[in-house]
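Below is one structure, written out as structure tokens; the observations come after it.
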Amino acid sequence: MLHLRVITRLRTPLRSLPRILLTPFSSPPPPSPPFLRPPPPISPPSAPFSTTSSSRRRRGGGDAEADESDGAGVSLFGRDPTHPPKLFVVQPRLRPDSLLHSKLSEALNLANSLEERRDGVFAEDYGSKEPPPHLVVQNPGARSLRVHSDTYFGRGTVENVKCELRALVTENAIDAIFVNAILSGIQQRNLEVSWQKPVLDRIGLIIEIFNAHAETKEAKLQSELAALMYKRTRLVRVRGPGGRMTFGTSGEAEVVSARGRGSGGRGFISGAGETELQLQRRRIQERRIHILSQIEEVRRTRSLQRYARRRHGSSYGQGLATVAVVGYTNAGKSTLVSALSESDLYSDDRLFATVDPRVRSVVLPSGKKALLSDTVGFISDLPVQLVEAFHATLEEVVEADLLVHVLDSSSPDLDAQREAVLQVLQQLGVSGEKIKNMIEVWNKIDLLESNGGADECFGEEEIIGEDEEEYPEDDMTCDPSSGKPVDEDDDAMASEFSQEESLDNADDVASEFSCGEHMDDNDDYDDGDIASDVSTEEVMENFDNKDVDSLVECDVKDSGDHHESKTINCVKTSAITGVGLQELLNLIDQKLNKEESDEKRTFFPCDRKWRPSDTADDEKAAEQ
Ligand SMILES: Nc1nc2c(ncn2[C@@H]2O[C@H](COP(=O)(O)OP(=O)(O)OP(=O)(O)O)[C@@H](O)[C@H]2O)c(=O)[nH]1
Ligand SMILES: [Mg+2]
């Protein structure tokens with residue numbers, strides 16, 4: 001009896017809780033009751049996820065709540081899907097300057113890429129977008145400094161950003177802050193409390209972009225799964241206003257639901273119900289299981305389709321070879337696939353313009369048909385949650401007969417980008433043999449030519465971006481009360497951060513040679529010079545040792561007087577002007593033919609399906 005009364009008492013406050021806590025995946029939150037209202041002026045939404053598009057919900061038109069939200073986009077910080085959010089970019093300082101410039105440029109591109117399509121189109125043309133406001137700050141990851149476990153940055157940097165924001169906030173220009181680093185849940189929450197704005201770290205923003213750009217149900221499900229996995233690791237309690245331990249993005253008070261460990265009738269004192277943390281965890285887990293079951297369906301369908309294509313892909317009933325086009329985001333994969341297959345895939349300067357995989361057929365010079373599969377782009381520090389969530393989609397890459405790795409040859413970060421892609425391929429479980437056989441395409445060659453010659457630029461570091469003076473030094477900060485600059489005590493030391501330190505994955509992967517170096521060293525493309533300085537055995541051994549860089553057998557295309565046959569793995573192209581496309585098709589054809597003949601050589605008759613013998617043959621045999 002006592003227990004029943006407890007449940008009744010709990011139900012009343014539950015009804016008055018924000019609906020988002022009860023139905024976090026489908027409904028926008030109504031205003032919070034006063035005791036849960038976030039302290040002004042922090043305004044990020046309190047839900048772990050908020051559905052971003054009402055139109056999507058309508059399109060789903062589901063009967064059940066779960067079905068209604070299936071595949072709907074989710075937002076990590078509750079952005080308004082009807083207009084692109086304005087982000088303020090905080091970039092930790094890197095050495096050398098060229099690295100800082102390219103990382104800053106990537107961060108600004110990421111910040112500008114976050115926008116949702118309305119009726120299939122982006123509201124703002126990417127080319128017309130102004131770079132978002134940004135600040136380069138001391139890097140706590142630098143050798144001489146230390147990462148602060150509570151706020152990541154030192155006190156001075158936090159105050160400095162706050163000052164900068166104060167000026168911008170008066171113009172009401174900022175929706176959220178993007179820190180181009182990987183933050184822990186606690187650091188993120190503490191920075192939100194300090195800066196009074198939602199904070200996204202690098203992983204969060206990439207997941208958010210995937211969510212915004214996903215269009216097919218499959219991509220939406222996978223993005224949502226990535227967001228769930230990310231969010232699950234960020235359910236942290238923080239000390240809210242008044243020193244009380246609170247929970248959630250905006251510091252709501254802890255609440256309980258009637259369900260959970262206490263509801264089995266163990267009495268009032270033992271604690272009926274579950275804490276908010278447990279409630280959120282349970283909701284995430286339930287949703288995760290639901291999405292996983294749906295993704296499993298997708299995966300099964302995809303593998304059946306792949307199997308069918310392999311066996312009876314062409315109109316003559318022969319199997320079709322598949323070629324997966326992979327590469328760093330914005331390298332020009334979609335433009336290249338469109339140009340090769342004479343189709344019209346969406347391409348844009350926006351990062352992660354492609355989230356929904358597409359397959360296009362292409363006729364090779366031999367007359368055979370093959371399928372080109374355009375996949376999502378990769379990036380350094382690609383969130384592991386995304387790789388896991390997009391496993392169904394990325395299986396295309398693992399299962400493809402041939403990989404084409406598209407590089408933006410005009411990028412000053414060519415080597416780092418190549419390395420990032422190779423690491424993701426390895427993470428996906430692509431075999432060393434396939435990576436060794438991969439074709440490298442140096443795309444956007446027209447940009448290099450217009451900049452004064454392709455070969456000169458390979459391997460050179462190009463300084464891009466603004467002048468050093470434009471980056472405010474953050475060893476001075478302003479007094480929050482007076483607004484006057486004060487000395488920063490903890491960030492005063494100069495950043496020693498070097499390139500090796502900045503590239504997380506590059507620490508132990510020494511770059512032994514690059515395509516660019518080969519081009520420079522081998523102007524006459526002599527066979528002997530071009531030969532890779534690592535043997536196949538070494539390559540395979542290195543692959544096991546995770547030294548993926550050396551796997552790229554980077555022999556150049558024979559474009560001059562030398563027509564002898566040799567291993568050719570690199571082609572220079574311009575997907576815009578059409579330069580090199582025919583050579584690329586020839587190379588794909590050649591590689592697929594070789595693979596086919598290798599397969600025939602290892603053909604076992606017992607693999608054949610049993611078929612009843614022809615009656616005519618039987619009669620002939622009987623006559624004999
Ligand atoms: N100048 C030049 N621009 C190119 C070339 N190829 C692609 N681009 C441009 O580069 C931008 C990115 O191209 P996409 O094809 O969307 O690149 P992607 O690799 O598919 O990018 P994501 O899907 O975002 O990963 C677009 O603005 C293209 O017009 C090229 O050969 N030369
Ligand atoms: Mg694309």
Side-chain angles (χ1 to χ4, degrees), residues 105-106 108-117 121-122 124-129 205-216 219 222-223 323-360 372-383 386-387 390 393-394 396-397 403-414 417-418 420-421 424-425 440-452 454 457 570-584:
S105 162
E106 184 179 272
L108 300 179
N109 279 358
L110 278 170
N112 261 355
S113 297
L114 180 56
E115 187 184 343
E116 201 150 321
R117 287 188 186 97
V121 288
F122 289 107
E124 270 189 65
D125 181 32
Y126 189 83
S128 64
K129 282 190 168 186
L205 180 58
I206 294 172
I207 291 178
E208 190 78 10
I209 295 172
F210 268 68
N211 271 302
H213 292 185
E215 287 208 297
T216 58
Q222 294 178 119
S223 313
V323 180
V325 179
V326 297
Y328 210 76
T329 181
N330 211 38
K333 301 176 294 298
S334 305
T335 317
L336 191 71
V337 171
S338 295
L340 291 173
S341 60
E342 291 171 17
S343 56
D344 191 18
L345 291 177
Y346 182 79
S347 69
D348 199 346
D349 247 346
R350 221 172 284 268
L351 302 192
F352 302 111
T354 306
V355 174
D356 311 280
R358 298 270 185 253
V359 177
R360 292 288 178 270
L372 292 179
S373 153
D374 182 24
T375 54
V376 295
F378 305 150
I379 197 166
S380 56
D381 299 323
L382 186 68
L386 269 179
V387 179
F390 273 73
T393 299
L394 292 169
E396 298 285 335
V397 174
L403 298 183
V404 170
H405 177 186
V406 183
L407 288 147
D408 176 355
S409 55
S410 67
S411 165
D413 254 355
L414 186 79
Q417 292 185 357
R418 179 198 283 118
V421 170
V424 176
L425 290 178
E440 258 196 22
V441 175
W442 297 340
N443 194 35
K444 305 198 187 180
I445 206 74
D446 56 308
L447 295 180
L448 286 183
E449 278 157 6
S450 64
N451 286 348
C457 293
C570 288
V571 187
K572 288 194 269 179
T573 63
S574 166
I576 298 282
T577 65
V579 168
L581 297 188
Q582 195 55 43
E583 286 86 340
L584 177 57

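Both ligands and their constituent atoms are indexed starting at 1 by order of listing. Positions are given from 1 along the sequence.
- Contact atoms of ligand 1 toward T329: 22 (P), 24 (O), 25 (O) (distance under 4.0 Å to a heavy atom of the residue).
- Under a 3.5 Å cut-off, the side chain of T573 and the backbone N or O of A575 do not form any donor-acceptor pair.
- For ligand 1, the atoms lying closer than 4.0 Å to a non-hydrogen atom of N330 are 11 (C), 12 (C), 17 (O), 18 (P), 19 (O), 21 (O), 22 (P), 24 (O), 25 (O).
- The atoms of ligand 1 that sit less than 4.0 Å from any heavy atom of R350 are 24 (O).
- Considering backbone and side-chain atoms alike, A353 places an N or O below 3.5 Å from some N or O of ligand 1.
- The distance criterion of under 3.5 Å between nitrogen or oxygen atoms is not met by D374 with respect to ligand 1.
- Below 3.5 Å of separation, one finds no N or O of V376 facing any N or O of ligand 1.
- Coordination check, S334 versus the Mg ion (ligand 2): passed, since an N/O/S atom of the residue sits under 2.8 Å.
- Using modelled atom types, one finds a donor on one side chain and an acceptor on the other under 3.5 Å when comparing Y328 with E106.
- For atom 16 (O) of ligand 1, the closest heavy atom belonging to the protein is D348 N, 3.0 Å.
- Considering backbone and side-chain N/O of N443, one or more are found under 3.5 Å from N/O of ligand 1.
- Which parts of ligand 1 touch F352 is read off a 4.0 Å heavy-atom cut-off, strictly below it: atoms 24 (O).
- For the 3.5 Å distance criterion, the side chains of S338 and D344 fail to qualify, holding no donor opposite an acceptor.
- Distances from atom 1 (N) of ligand 1 to the heavy atoms of D446, T577, I576 show the closest one on D446.
- In this structure, F210 and F390 have perpendicular ring planes: the angle between them is above 60°, well past the 30° mark.
- In terms of polar-atom proximity, defined here as any N/O pair under 3.5 Å, L351 makes no such contact with ligand 1.
- Residue contacts with ligand 1 do not include G327, since none of its heavy atoms lies under 4.0 Å from the ligand.
- Within the listing of ligand 1, atoms 14 (P), 15 (O), 16 (O) sit less than 4.0 angstrom from a heavy atom of S347.
- The closest non-hydrogen atom to atom 13 (O) of ligand 1, taken over L336, V337, T335, V326, comes from T335.
- If you check which protein heavy atom lies closest to atom 17 (O) of ligand 1, you get G332 N, 3.1 Å.
- Checking side-chain atoms of D356 against main-chain N and O of E215 turns up a donor-acceptor pair under 3.5 Å.
- Side-chain contact between I379 and V424 is absent, with no heavy atoms from C-beta onward closer than 4.5 Å.
- Residues K333 and G377 come closest through the heavy atom pair NZ-CA, 3.5 Å.
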- Query: Passes side-chain contact (heavy atoms from CB on, under 4.5 Å), Y346 versus R117? Steps please.
  - Reply: CA-CA 12 Å; Y346 182 79; R117 287 188 186 97; 3.4 Å; yes
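- Every atom of ligand 1 is numbered from 1 in the order shown, and the set under 4.0 Å from a heavy atom of L447 is 1 (N).
- Any N or O atom pair closer than 3.5 Å counts here, and S334 shares at least one such pair with ligand 1.
- A donor atom on one side chain and an acceptor atom on the other are not found under 3.5 Å apart for E396 and T375.
- Using a 4.5 Å cut-off on side-chain heavy atoms (C-beta onward), V421 and H405 make contact.
- Shown are L447, N443, D446, I445; of these, the side chain to side chain contact (heavy atoms under 4.5 Å, CB included) with S410 is made only by L447.
- For atom 11 (C) of ligand 1, the nearest protein heavy atom (residue, atom name, distance) is D349 OD1, 3.4 Å.
- The CG atom of L351 sits 4.0 Å away from atom OG of S113, with the distance rounded to the nearest 0.5 Å.
- The Mg ion (ligand 2) lies under 2.8 Å from an N, O or S atom belonging to T354.
- When side chains are defined from C-beta on, T393 counts as touching Q222, because their heavy atoms get closer than 4.5 Å.
- The protein heavy-atom contact nearest to atom 10 (O) of ligand 1 is K444 NZ, 3.1 Å.
- Polar contact check, A575 against ligand 1: a nitrogen or oxygen pair lies under 3.5 Å apart.
- For ligand 1, the atoms lying closer than 4.0 Å to a non-hydrogen atom of G377 are 25 (O).
- Counting only heavy atoms from C-beta outward, the side chains of L581 and L336 approach each other to under 4.5 Å.
- Considering backbone and side-chain atoms together, T573 places no N or O closer than 3.5 Å to any N or O of ligand 1.
- With a 4.5 Å cut-off on side-chain heavy atoms, F352 and L110 count as touching.
- The shortest contact between atom 19 (O) of ligand 1 and any protein heavy atom is with K333 NZ, 2.7 Å.
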